[in-house]
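Chain letters run A, B, ... following the sequence lines, proteins first, then strands; residues in each count from 1. For clarity, every value in this text was computed on a predicted model and none was experimentally measured.
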There are 6 protein chains.
Amino acid sequence: MDKALEKANILIEAIPYIKKFTGKTFVIKYGGSAMIDEDKKKLLIEDIVLFKLLGIDIVIVHGGGPFIKEALDKLGKDAQFIDGLRVTDDETMEIVEMVLSGSVNKEIANSIQKNGIPSVGISGKDGNLLKAKKIEIENGDLGFVGDIESVDPSIIKTLLQQGFIPVVSPVAKDENFDTYNINADYAAAEIAGSLNAEKLIFVTDILGVMRDVNDKDSLIHYMDLDVARKNIEDGIITGGMIPKVECCISAVERGTKQVHIINGNLPHSMILEIFTKQGIGTMFIKGGQDE
Amino acid sequence: MDKALEKANILIEAIPYIKKFTGKTFVIKYGGSAMIDEDKKKLLIEDIVLFKLLGIDIVIVHGGGPFIKEALDKLGKDAQFIDGLRVTDDETMEIVEMVLSGSVNKEIANSIQKNGIPSVGISGKDGNLLKAKKIEIENGDLGFVGDIESVDPSIIKTLLQQGFIPVVSPVAKDENFDTYNINADYAAAEIAGSLNAEKLIFVTDILGVMRDVNDKDSLIHYMDLDVARKNIEDGIITGGMIPKVECCISAVERGTKQVHIINGNLPHSMILEIFTKQGIGTMFIKGGQDE
Amino acid sequence: MDKALEKANILIEAIPYIKKFTGKTFVIKYGGSAMIDEDKKKLLIEDIVLFKLLGIDIVIVHGGGPFIKEALDKLGKDAQFIDGLRVTDDETMEIVEMVLSGSVNKEIANSIQKNGIPSVGISGKDGNLLKAKKIEIENGDLGFVGDIESVDPSIIKTLLQQGFIPVVSPVAKDENFDTYNINADYAAAEIAGSLNAEKLIFVTDILGVMRDVNDKDSLIHYMDLDVARKNIEDGIITGGMIPKVECCISAVERGTKQVHIINGNLPHSMILEIFTKQGIGTMFIKGGQDE
Amino acid sequence: MDKALEKANILIEAIPYIKKFTGKTFVIKYGGSAMIDEDKKKLLIEDIVLFKLLGIDIVIVHGGGPFIKEALDKLGKDAQFIDGLRVTDDETMEIVEMVLSGSVNKEIANSIQKNGIPSVGISGKDGNLLKAKKIEIENGDLGFVGDIESVDPSIIKTLLQQGFIPVVSPVAKDENFDTYNINADYAAAEIAGSLNAEKLIFVTDILGVMRDVNDKDSLIHYMDLDVARKNIEDGIITGGMIPKVECCISAVERGTKQVHIINGNLPHSMILEIFTKQGIGTMFIKGGQDE
Amino acid sequence: MDKALEKANILIEAIPYIKKFTGKTFVIKYGGSAMIDEDKKKLLIEDIVLFKLLGIDIVIVHGGGPFIKEALDKLGKDAQFIDGLRVTDDETMEIVEMVLSGSVNKEIANSIQKNGIPSVGISGKDGNLLKAKKIEIENGDLGFVGDIESVDPSIIKTLLQQGFIPVVSPVAKDENFDTYNINADYAAAEIAGSLNAEKLIFVTDILGVMRDVNDKDSLIHYMDLDVARKNIEDGIITGGMIPKVECCISAVERGTKQVHIINGNLPHSMILEIFTKQGIGTMFIKGGQDE
Amino acid sequence: MDKALEKANILIEAIPYIKKFTGKTFVIKYGGSAMIDEDKKKLLIEDIVLFKLLGIDIVIVHGGGPFIKEALDKLGKDAQFIDGLRVTDDETMEIVEMVLSGSVNKEIANSIQKNGIPSVGISGKDGNLLKAKKIEIENGDLGFVGDIESVDPSIIKTLLQQGFIPVVSPVAKDENFDTYNINADYAAAEIAGSLNAEKLIFVTDILGVMRDVNDKDSLIHYMDLDVARKNIEDGIITGGMIPKVECCISAVERGTKQVHIINGNLPHSMILEIFTKQGIGTMFIKGGQDE
């Protein structure tokens, strides 16, 4: 009985969060180990289902690096590099698209449907969602790797209005309708901006932004955009963390209200970040405070 | 951290209940000590707010016996009785209406609004909601005490569609537009039926239907209509319990899917009854099982 | 036959008024003897029904002073005064609310329904319609007497759209959800303004604004706001007339197009004021002329 | 003042009629002297405007015999007859159509617009409203004279929904899209039936059905269909009255609720017939009584 | 088979034109020999039907000079002139209206319906479409000849929305609701402007604007407004061509995107002008180029 | 000029077909050489674009056999067979899905978008479109090869309503959300039935049903269902033709009005089949005749 009552109390505690987020849109960039480990994935999808049932519109953008590597290896396709950047030739692009749009994408949409919520897997090419531009470099040709030039969110809005959860693979087409691989973090940021999303959540393998990478207690829970920029300048945020943080900054600037980096390895990490006061990751905001 | 995770798990456990009840209508007959005790009332209203936020349409029908008695005493109004039934003369009816529609009703609506959900207090006379017929007895005249003749739920539907929680006092008018006091249990049952409500919940001071009134463990969790009828015939359900159970039976027959009797003195009793498998009260159903 | 033809002619004469007012909103402040005398009340409600049938949206705001006094007397409740202003303590407020929202309000709504138009009685607390602020004075505490701070007309619009006539009692809540008695004239003016009403009609016991209170022929039929203000300054409008006129001025300033003071003791006074050229009361307008 | 009050009372007396007819459709067959005499026409159009403002949808179907005769005379066109029926040859039909659809029709629509109500003049050919079939006789060829085969009221409904008063000339086309003159009474009856009109009103030069044509007091105010049929059989209804009454019978059978014959020479005859208890003409009804 | 394939290719070639014009509005000024010659008329109406089926909204405005002359002659009505301009007296206006609104107008609408598209013939008086102002001259009174003062396109929009093709006769009313004959070219231009039409097409008996009236090869296919104005000034455009070109200029200035003059004697001239690159007539555009 | 006129005539000839099919739905089963040969594909997509512009809703279901074979070969995956039927093991299914949903599907959608019509590529798993059931055989386990159990066309309808062309890959999930390869012909037939499609068009490498496979002139243009069934019984339709014809029969039985088999190698074969009287393939109909 006491147990049951405690449950009731926890549901009651969720009230202010439900009030705040019902009718809003969350864009989730799904990546890291939580894409591979079946148990972690199961918990993450439960979080998504709960959000949806609480009246929150969900859009998922996924990556797929490990799956691409596995497929290229299986086919004995050697990777080529220019200045450390991988070259995506015609044949590679074909494999990348099949893996991302035909396998990873459909698998995620199907897992959501298994939990009773209708979902549709599309690529950034479908419905002219994402328009790309080839990335030009000086020392050669990276092939079919592109930046996002513009977003037409009509297809996403159409699916959300009818109650579907759209799952988007990071593949786009340029003005000649050639296919390009694009960065999934930036795809998520652009889509979130075009939807004026309430939240953009990066599901990663790190806890968030830490003052000291080796000290879990140095995790920064709230980070103002100006502070974030200054930390990059001052060398406090370093290495692989820099592009992630820059993407978060860019997302807030493009119209997303709040951007989160969370660790997808922690069970129910999204619920914990969103439905508790302190959260478990780092939240980026303009002006330094949550409303 | 473990605490937070447990919270997340409890929210996740609520998923099937949310899936089941979103978009449905619950009619709550609010009565007993939970109307008087401020602490109990607060918890009960939290339950109502949670239901609303989970997308459930809520209608409240209330009684007000103790408040009426208090007002009549204060005015030195002597009660008259015929065969043990109280007579509601003209002046008494006026006081009854003021207490029910002007005090108790507005207080409940206001308490809900205090929790952030817009609510509107109306009486059964408003918008021609309830039409009454005088109860005729052989040995005299009970005055303005009526049975419900018909229900026009338009005003309730109008308010629900715009997101308000309607709170209804058990006062109705007859074909001559005279005002009558009506039984709040039956008012709730009739309104629930006219809305094809998913659930009608009687908030009372008893645990539910018990095989032995003195043994809490004899509580019957699920009761089929046929069994209920037979138990009355066989003298298993007795005394003041009979009209309550008859009202439950009548509500299911009128189109409500499930009817619950719960003890409003238990904290969060509605959440516990609705969101846990066994529940804490008695649920009446046609054909003996929950779908 | 001639009689019948005259009737037809009178209906035909109404055409320009119907053309002008169909689809507009009239807010009626219902007060004075026409609330008490059953015959006067009957005629007034007939006027309201005619307006409604001609396609005019009607909102009624009522007072209730005499009924409150009667109830307080019956309960032997002594009135307290500070500087001549009555103190509304906790217990008084409770009685005031019961009388206004539970008795007077429901009685008016019911009378309209008796004439075949569905009506709903609400208080200013319902649907967060009126938000009050305590009136602070220097020499003591007037208790639960408030000014209107803001209006949310959603509930009124919801009811009008579905064809109901809303009847509003002058009771509001402050930011702590405490209940306050408010001035019904100002409540009507604020509600009319929030609805951009075409007309606000004060049903009173006086003919209108008169140059000489003892001379019926000195009645002013049209009064420009500037003239009204000047007349107060110049001492032409005096005594109890001042707050009434100030309320009319304020209503026009808040967005109501035309404000009328009429004598509810004259039969069909509203029809006569609205549907005849000269009218029978005083009409306040900006810029001094009717369009 | 007493005068004004009497006016108010007359408006109040109109309430039950307004309640009854708002939102309903009246089809008016406009014919007789009221089409020619400017004063009578003015009064009749005032009646139409009043109906429209009271929320009644109005459709006008007109004849035009005298105007056609005048035009044919002016052109020196000799009329030909077979068994007393006029032959409408190709050239005659052209003139008939010009007079009906290009002159009479536009004049009526324009007169209504002069009174502030937008109106649109169409012929039965427009929007495929009326489909005709040539009337075949044994002793020759009547030319372009047709019966109505079917009605498509879409264009009428389109115009009514947008607030226009449609005015229809009695011209139709057959399956080969040839143009035919049709009987205006039957056109009105067919259109009224296709709209499930509340009323079909024949504006004529006679008072209605009279037991004795020379005795105004013998006017029959209400006539049951069965009685009407029997009166024709029994020779009580005779001569030119027979086709009129048969058309009334047919209109009720086709779905119009009530059919009236009134004298358009009496001022405001339509208002008097519709808005007074006894009326001034003859009303045909199924089952013999008005609801 | 090759024949069939060629057909398919021609349909495929139409794709860019369909893409460009679907959902747009074309106003067609129908005049010249194509109104009289049945074969030319048939082909022209086929073009209109094709446009409609391709999702283009069509409005037709027609003239009727030859038909009016014929009717006046038949009636032995002598024409009067002031400074070479014909006087339209009362009786003439009546005949003009009958011919235009009752004969020509209905005939065109009926011909379209014969091709399976519902059509409605109205005059500029219907639905207050066109408001005219008498043309005043110094040396006398031209009678009922007017300029257009304002356009209310509601009735046109109502008919287009429901899928009808409106056919409009060049007759209007002034502020006193008197009837006027108006220039059909200007009526078409004003209506096109009020609808922000994509195209206004003048169906005439000339090829278009030609540098040398006797040399078909001197036809100008595209004409910029500035060039058109300069050509009039420089005496390159002369005689009867001047008012036509001025009307085209005025139509573009009033909001029509493109205005065409075509020769209605050429079979399928509208399809050829609209669906081929060079066209067969003259197109007037702002800024000198087609978008 | 004559050339241009001929073009106009051909457009005019299309009118009855446009009238007939606007607003209807065509489901196209896209397969055979027209999927591989770029030139044939280009022409076929032009046909689709034309249909769409003429207001026809288009759904594409595609196969992909040759592409799957190529991918399996590249990966050195040996095919296994039971009774001549290929076994689709876990790994094969993964490759099949990637090829169908990630490559072929996206390529078709992208090609349509290149022609200016927004298109979305989905699989039969998305939005719970197709539910499969494993095909059980006696002599072993064919793996993930399924029959269609049910269709939920919501996602297709959502996309059509917003103007997208949905492209569907023949992949479905069973009740355990396992992925299955399904027959594309039957997928197209089931989807067409669930949409009550006007037409289902099989784009193949054969001309249609021929009495003598070696004689092109023996092509049957119209085939009644009963005749088709009889021809199978009588051995007139033989070999690989049998399942195709059975699928056509089943599609008509499931609610599609007309089913076509056409040869995708012929240029613009769809336009020729649909927009010419005799067509170029075989049309299956109930009752033996086109309406």
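Heavy-atom pairs under 4.5 Å with chain B peak, among A:Ile15, A:Thr22, A:Ile18, A:Ile117, at A:Ile15. Taking chain B as the reference chain and counting heavy-atom pairs below 4.5 Å, the highest number among A:His268, A:Met270, A:Lys52 is found for A:His268. Residue with the most contacts toward chain A among B:Leu43, B:Thr276, B:Leu53: B:Leu53 (heavy-atom pairs, distance under 4.5 Å).
The 12-atom threshold is exceeded at NZ of A:Lys19, counting heavy atoms of other residues, nucleotides or ligands nearer than 6.0 Å.
Looking at B:Ala14, only its side chain comes within 4.5 Å of chain A, counting heavy atoms on both sides.
Taking the six-membered ring where the residue is Trp, the centroids of A:Phe26 and A:Phe21 are separated by under 6.0 Å.
A salt bridge does not link A:Asp224 with A:Lys286: every distance from a Lys NZ or Arg NE/NH1/NH2 to an Asp or Glu carboxylate oxygen is 4.0 Å or more.
The two atoms that bring B:Ile165 and B:Ser119 nearest to each other are O-OG, 2.8 Å, heavy atoms only.
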